[in-house]
There are 2 protein chains.
Amino acid sequence: METITNKQRKVNMPGRGMMSPGWGGKFRGCGYRMTLPRQAILNVLQKTKKHLSAEDVYMEAHKIFPHLGLTTVYRTLELLTDMGELNKFDFGDGRARYELMEISEEDHHHHLVCTKCKRIINYSDFVDEELEFLKRAEKGLSKKYNFEINNHIIQFYGVCDKCKKSK
Amino acid sequence: METITNKQRKVNMPGRGMMSPGWGGKFRGCGYRMTLPRQAILNVLQKTKKHLSAEDVYMEAHKIFPHLGLTTVYRTLELLTDMGELNKFDFGDGRARYELMEISEEDHHHHLVCTKCKRIINYSDFVDEELEFLKRAEKGLSKKYNFEINNHIIQFYGVCDKCKKSK
DNA sequence: AAGTTAATGAAAATTATTTTCAATAAAAAG
DNA sequence: CTTTTTATTGAAAATAATTTTCATTAACTT
Ligand SMILES: [Mn+2]
Ligand SMILES: [Mn+2]
Ligand SMILES: [Zn+2]
Ligand SMILES: [Zn+2]
């Protein structure tokens, strides 16, 4: 596992002049800076399909950027959420959990939340029906309430198969 | 405003022998007891359409049952949630918010959450489309994942009309 | 009426998250 | 490249919602 050091900065980051289509560009486009801690945090978020807590992200990112502080993780997660690049969830276990916004259509999914063991299941079934329903709902709601819709969540709560067996 | 005292107990609560179709019955049916603090908390929850926090409930219930403690409010809200009688929400303002489960079909609704001012808008449009979509989704998902679905939430995040104007 | 035990509330503890502030480093300017 | 500017960082302290503890109370049972 490679740890990120200051010496590697120029190797790991896009050059200055070059218009960067990646994260650096997104940050600077919003008036922010691309930094090594943010790199490390994004590396972690990009590498997983899990629903990480701030502490989870911290522990992972800390491996590749040991100087990182937990405060910076909280700040970066909030920043990314406000930028609309990160989804923040409450699955009922007392801490916020995060998931990088899907790039492609195929990644779009929602969640089954087991209220017994807090297990989370990603599902991406019924995308067609959902898309149709959501399209109409969003259009109608944004018109009726003059509300600009940027995002949505759908969660089903219940009991997972493992918890059904063990009772 | 009437405060609840021990003397009023028999007046406010269903008698012992009588099969109570109300909250007392529900509690006892789950093996719990109906108590004055729980009465007061339920009174508050039943009287409002707002999305109350634990502290909100405490302050209101405290008016009619001054002896009430905040701890009991937290415990009762968790109990009702586990009993499936109360919906617990995270609207992103750092505290849980609660809403009594709708009794009738007409009460069923979901939420628009303004990410700027945290205002919550109840909407119950598209109930037909939603019901159709959810029925199919629940059936399919519970079969595919062997997951027993008890509840669901749909939330749209965005910018409300007031916040759109003031920017 | 007496007994059993769940429920309560005050206070303390816990813990996720936020704030503070001096030090650092990213972007801009020279 | 060097200097300047200022956003960003991290350690520590603060905050605040929620949970735990435990002695007392009251709901239901006998
Ligand atoms: Mn997911
Ligand atoms: Mn509502
Ligand atoms: Zn489970
Ligand atoms: Zn608003």
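Lettering follows sequence order; numbering is per chain, from 1.
Under the 4.5 Å side-chain contact rule for hydrophobic residues, L141(B) and Y157(A) do not share a cluster.
Between the P atom of dA7(C) and the CE atom of M34(B) lies a distance of 12 Å, rounded to the nearest Å. Between E55(B) atom CD and dT18(D) atom C1' the separation is 11 Å, expressed in whole Å. For the pair L79(B) CG and dT19(D) P, the interatomic distance rounds to 13 Å; values are reported in whole Å. Protein atom CG of L77(B) is 14 Å distant from nucleotide atom P of dA17(D), rounded to whole Å. Here the C1' atom of nucleotide dA7(D) and the CE atom of M83(A) are 14 Å apart, to the nearest Å. Rounded to whole Å, atom C1' of dT29(D) lies 12 Å from atom CZ of R28(B). Rounded to a whole Å, the CG atom of L36(B) is 21 Å from the P atom of dT24(D). When rounded to the nearest whole Å, the span between CD of Q39(A) and C1' of dT9(D) equals 16 Å.
Under a 3.5 Å cut-off, the side chain of S166(A) and the backbone N or O of K162(A) do form a donor-acceptor pair. The backbone N or O of A40(A) lies less than 3.5 Å from no partner atom in the side chain of N43(A), so there is not a single donor-acceptor pair. Not a single donor-acceptor pair under 3.5 Å links the side chain of H62(B) to the backbone N or O of E60(B).
OP1 or OP2 of dT9(D) lies within a sub-4.0 Å distance of a side-chain N or O belonging to T35(A). Taking side-chain N and O atoms only, Y74(B) has a distance below 4.0 Å to OP1 or OP2 of dT18(D).
If you check the side chains of H152(A) and H110(A), you find a donor sitting under 3.5 Å from an acceptor. A donor atom on one side chain and an acceptor atom on the other are found under 3.5 Å apart for H51(A) and N122(A). A side-chain N or O of H108(B) and one of E102(B) form a donor-acceptor pair less than 3.5 Å apart.
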>> Go through it in stages, so that I can follow the logic: the residues are Y98(B) and F89(B), the test is side-chain contact (heavy atoms from CB on, under 4.5 Å), and I'd like the CA-CA distance, side-chain angles, deciding distance and then a yes or no.
In response: CA-CA 6 Å; Y98(B) 300 85; F89(B) 292 103; over 6 Å; no
Hey, can you pull the donor-acceptor pairs under 3.5 Å for the side chains in residues 77-88 of chain A, sequence neighbours left out?
{"unit_1": "T81(A)", "atom_1": "OG1", "unit_2": "L77(A)", "atom_2": "O", "d": "2.7"}
{"unit_1": "N87(A)", "atom_1": "OD1", "unit_2": "N151(A)", "atom_2": "ND2", "d": "2.8"}

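Nearest-nucleotide positions on DNA chain D place T76(A) closer to the 5' end than the other of K88(B) and T76(A).
Taking the ring centroids of F91(A) and H111(A), they lie under the 6.0 Å cut-off.
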Using atom names, set out every protein N or O paired with an N or O of nucleotides 11-16 of chain D below 3.5 Å, distance rounded to 0.1 Å.
{"unit_1": "dA12(D)", "atom_1": "N6", "unit_2": "T71(A)", "atom_2": "OG1", "d": "3.4"}

Collect all protein-nucleotide pairs involving nucleotides 3-6 of chain D in which both atoms are nitrogen or oxygen and the distance is under 3.5 Å.
none

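A rotation axis mapping the C1' atoms of four pairs onto the next four is fitted at both ends of the helix from dA1(C)-dT30(D) to dG30(C)-dC1(D) over five pairs, and the angle between these axes is 40° to 10 degrees.
Applying the salt bridge (charged side-chain N to carboxylate O under 4.0 Å, His left out) test to residues at least two apart or on different chains, none of the pairs has a partner in residues 30-50 of chain B.
Residues satisfying the salt bridge (Lys or Arg N to Asp or Glu O under 4.0 Å) criterion with D93(B), sequence neighbours excluded, are R97(B).
Of the candidates dT8(C), dT18(D), dT8(D), the closest approach to any side-chain atom of A54(B) belongs to dT18(D).
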